[in-house]
Amino acid sequence: MLKSKVGYSTNPNFYTMGLDTATQSTKDFSNIKLNFLFTSSNGDIKEIIRGVRSINDAPLIGCTSCGGLIVPDGVVSSPNGFAGMLSLNDPDMTIGVAIHEAGKDPRAIGRKVAIQAVENAKTTRAPAYFYMVASPKEEEEYLMGIQDVIGRVPVFGGSAADNDVSGNWKIICNDKVITDGVAVAFFYTDNEIATSFTGAYKETDNIGLITEVKNNRTLVSIDGVSALKKYAHWTNMSPSELLGRDLLVASINKPLGIKDPLGNLTVIRHPMFGDDMGTKTTTDDTITLGNKVVKGTAIIQLEATQDDLINATGNNLKDLNKKMYTEPGAYIFIHCGGRKLGIGDRIEEVHKQLLKESKGIPFITAFTFGEYGYDEHSANICGGLMLSFTAIGKN
């Protein structure tokens with residue numbers, strides 16, 4: 001039977017921060033199979049890990065989280081840094097973890113990290129489920145490489161984040177900490193695992209055909225019109241208001257989305273920069289997105305209020321619980337850091353919703369710069385401004 005606990009700390013000494021976090025999350029556990037560790041990007045992560053490892057040496061995986069965490073006790077954040085960990089204790093579960101730094105061929109790296117995770121689990125089989133964390137750049141290619149090895153095994157997870165999109169994010173796996181690359185945890189278990197993956201935005205009537213894309217993530221034109229001008233027209237704004245990172249903030253409540261082929265899932269594409277360089281000095285009117293788009297497919301302008309973003313968290317957890325046939329033993333909530341920015345100082349309302357719907361089951365919430373999952377019969381996919389909520393059953 002699966003048991004789980006959560007620990008957290010904002011101790012100014014990073015070694016003690018890790019030690020205190022692990023002490024709470026692993027107390028009285030003897031069959032720890034995996035620790036999900038999420039930290040601030042402005043802390044000494046290796047010292048935090050050293051503190052955690054002084055308590056137990058079970059497999060460890062996670063990343064830096066944007067601005068804080070949410071655990072049952074509340075929102076965890078501090079200017080000096082923070083750490084939170086969810087520990088899974090189950091004598092019948094096997095976990096294989098692996099990490100690989102970025103390189104010239106991300107799909108090949110995805111294959112390598114998958115093979116290593118299978119080997120580390122001391123098996124030759126595909127897992128039942130897997131968690132992935134990557135830097136916010138080549139997630140789709142890593143995912144394809146992993147699936148080249150194990151097939152379409154369900155995924156959950158999200159991309160590492162920092163506090164200001166400066167690239168200071170980190171990926172964590174065992175004793176290794178990297179800035180750019182991918183890590184996975186493969187679950188070998190008979191326990192039920194389910195994910196509810198959604199953006200929960202409303203669709204508008206603003207729909208266009210993608211007519212030009214550059215380097216997978218730069219949207220050049222929609223319906224033959226420069227992408228930024230089209231988006232500005234849809235949202236009743238001026239292109240000059242949407243240059244550089246101004247677009248990232250303006251689009252939180254009005255992002256773009258694409259539909260999966262079956263129409264079950266609308267995957268969010270977060271407009272990040274109002275040009276192709278992330279500055280205010282270019283004039284090509286392109287939009288740099290957080291994820292890949294493809295020429296010849298439809299793109300939709302979406303919208304959500306601040307209330308919508310908050311209420312989506314409780315509603316998504318309700319939907320997740322409906323998918324479970326067995327009682328959950330742990331929750332991992334991956335919540336977009338951009339959505340957190342849009343929620344602002346009302347983030348405590350998110351905690352209240354998660355606490356109410358989790359009904360006493362331990363959980364940890366990390367704020368990421370990309371989210372991964374699937375819905376019903378859709379394929380595994382990466383998005384932004386989304387919620388990837390996962391439950392692991394007790395049995």
Side-chain angles (χ1 to χ4, degrees), residues 6-11 14-22 24-26 32-69 71 76 81-88 95-102 109-110 113 116-117 120 130-139 142 146 155-163 166-187 330 332-335 337 364-372 388 390:
V6 173
Y8 61 93
S9 177
T10 57
N11 191 294
F14 294 113
Y15 174 85
T16 306
M17 181 187 290
L19 186 149
D20 289 348
T21 298
Q24 296 169 42
S25 70
T26 64
I32 301 169
K33 295 302 173 68
L34 184 65
N35 295 311
F36 282 100
L37 177 66
F38 300 104
T39 76
S40 170
S41 60
N42 61 355
D44 188 334
I45 300 171
K46 290 190 176 181
E47 274 297 286
I48 295 171
I49 292 172
R50 196 168 71 88
V52 169
R53 298 301 235 182
S54 72
I55 300 297
N56 81 89
D57 60 356
L60 184 70
I61 196 166
C63 64
T64 48
S65 176
C66 178
L69 304 166
V71 297
V76 180
F82 56 83
M85 193 163 80
L86 175 75
S87 297
L88 305 180
I95 302 289
V97 300
I99 188 169
H100 201 294
E101 292 197 65
I109 289 169
V113 81
Q116 190 63 58
N120 289 342
F130 75 101
Y131 166 81
M132 184 177 94
V133 55
S135 43
K137 186 171 70 171
E138 298 166 325
E139 300 99 320
Y142 291 135
I146 292 164
V155 68
F156 71 100
S159 305
D162 59 20
N163 296 333
S166 62
N168 193 36
W169 47 70
K170 296 290 186 292
I171 299 163
I172 300 165
C173 185
N174 290 339
D175 298 317
K176 194 165 187 179
V177 179
I178 63 174
T179 298
D180 195 2
V182 61
V184 295
F186 284 6
F187 286 77
I332 303 96
F333 300 143
I334 303 300
H335 183 298
I364 193 165
T365 309
F367 298 107
T368 55
F369 283 167
E371 297 74 49
Y372 325 141
S388 179
T390 298

Using side-chain heavy atoms (C-beta onward) and a distance below 4.5 Å, is L60 in contact with M85? yes
Is a side-chain donor-acceptor pair under 3.5 Å present for S135 with D180? yes
Please identify each residue that fulfils ring-ring contact (aromatic ring centres under 6.0 Å, His included) with Y8, with sequence neighbours left out. none
Can you tell me which residue among N56, N174, T26, D57 is in a side chain to side chain donor-acceptor pair (under 3.5 Å) with N35? N56
Value rounded to 0.5 Å, distance of OH in Y131 from CD1 in I61: 6.0 Å
d(I172 CD1, K46 NZ) to nearest 0.5 Å is 11.5 Å
Rounded to the nearest 0.5 Å, the CG atom of N42 sits from the OG1 atom of T64 at a distance of 10.0 Å
Going from OG1 on T179 to NZ on K137, what distance comes out if it is rounded to the nearest 0.5 angstrom? 10.5 Å
T21, L19, D20 screened by side-chain contact (heavy atoms from CB on, under 4.5 Å) with I55, the one that passes: L19
E47 side chain reached by R50 side chain, heavy atoms, under 4.5 Å: yes
Do the side chains of F38 and L86 get nearer than 4.5 Å, heavy atoms only? no
If I compare all heavy atoms of C66 with all of G337, which pair ends up nearest, and what's the gap? CB-CA, 4.3 Å
Yes or no on side-chain contact (heavy atoms from CB on, under 4.5 Å) for F82 and L69, after CA distance, side-chain angles and deciding distance? CA-CA 8 Å; F82 56 83; L69 304 166; 3.7 Å; yes
Would you call the rings of F156 and F187 parallel, tilted or perpendicular, taking 30° and 60° as the class edges? tilted
Please name the pair of heavy atoms, one in E139 and one in M132, separated by the smallest distance, quoted to 0.1 Å. O-CE, 3.8 Å
Candidate pair F369 and D162, rule side-chain contact (heavy atoms from CB on, under 4.5 Å), full reasoning: CA-CA 8 Å; F369 283 167; D162 59 20; 3.3 Å; yes
Between S388 and G157, the two heavy atoms sitting closest are OG-N, 3.8 Å
Closest approach of P136 and A160, non-hydrogen atoms and distance? CG-O, 3.6 Å
Hey, could you give me the CG/CD1 distance between L34 and I95, rounded to the nearest 0.5 Å? 5.0 Å
Value rounded to 0.5 Å, distance of CD1 in I178 from CD1 in I171: 4.5 Å
Residue pair C63 / W169, side-chain heavy-atom distance below 4.5 Å: no
Might you point out which heavy atoms bring G67 and N163 nearest each other, and give the distance in Å? N-OD1, 2.9 Å
Does R53 use its side chain to pair, donor to acceptor, with the backbone of A58 at less than 3.5 Å? yes
For I109 and A102, the nearest pair of non-hydrogen atoms, with its separation, is CD1-C, 3.6 Å
In terms of side-chain heavy atoms, does S87 have a donor or acceptor partner in S25 at a distance below 3.5 Å? yes
S65 side-chain N/O to F367 backbone N/O, donor-acceptor pair under 3.5 Å: yes
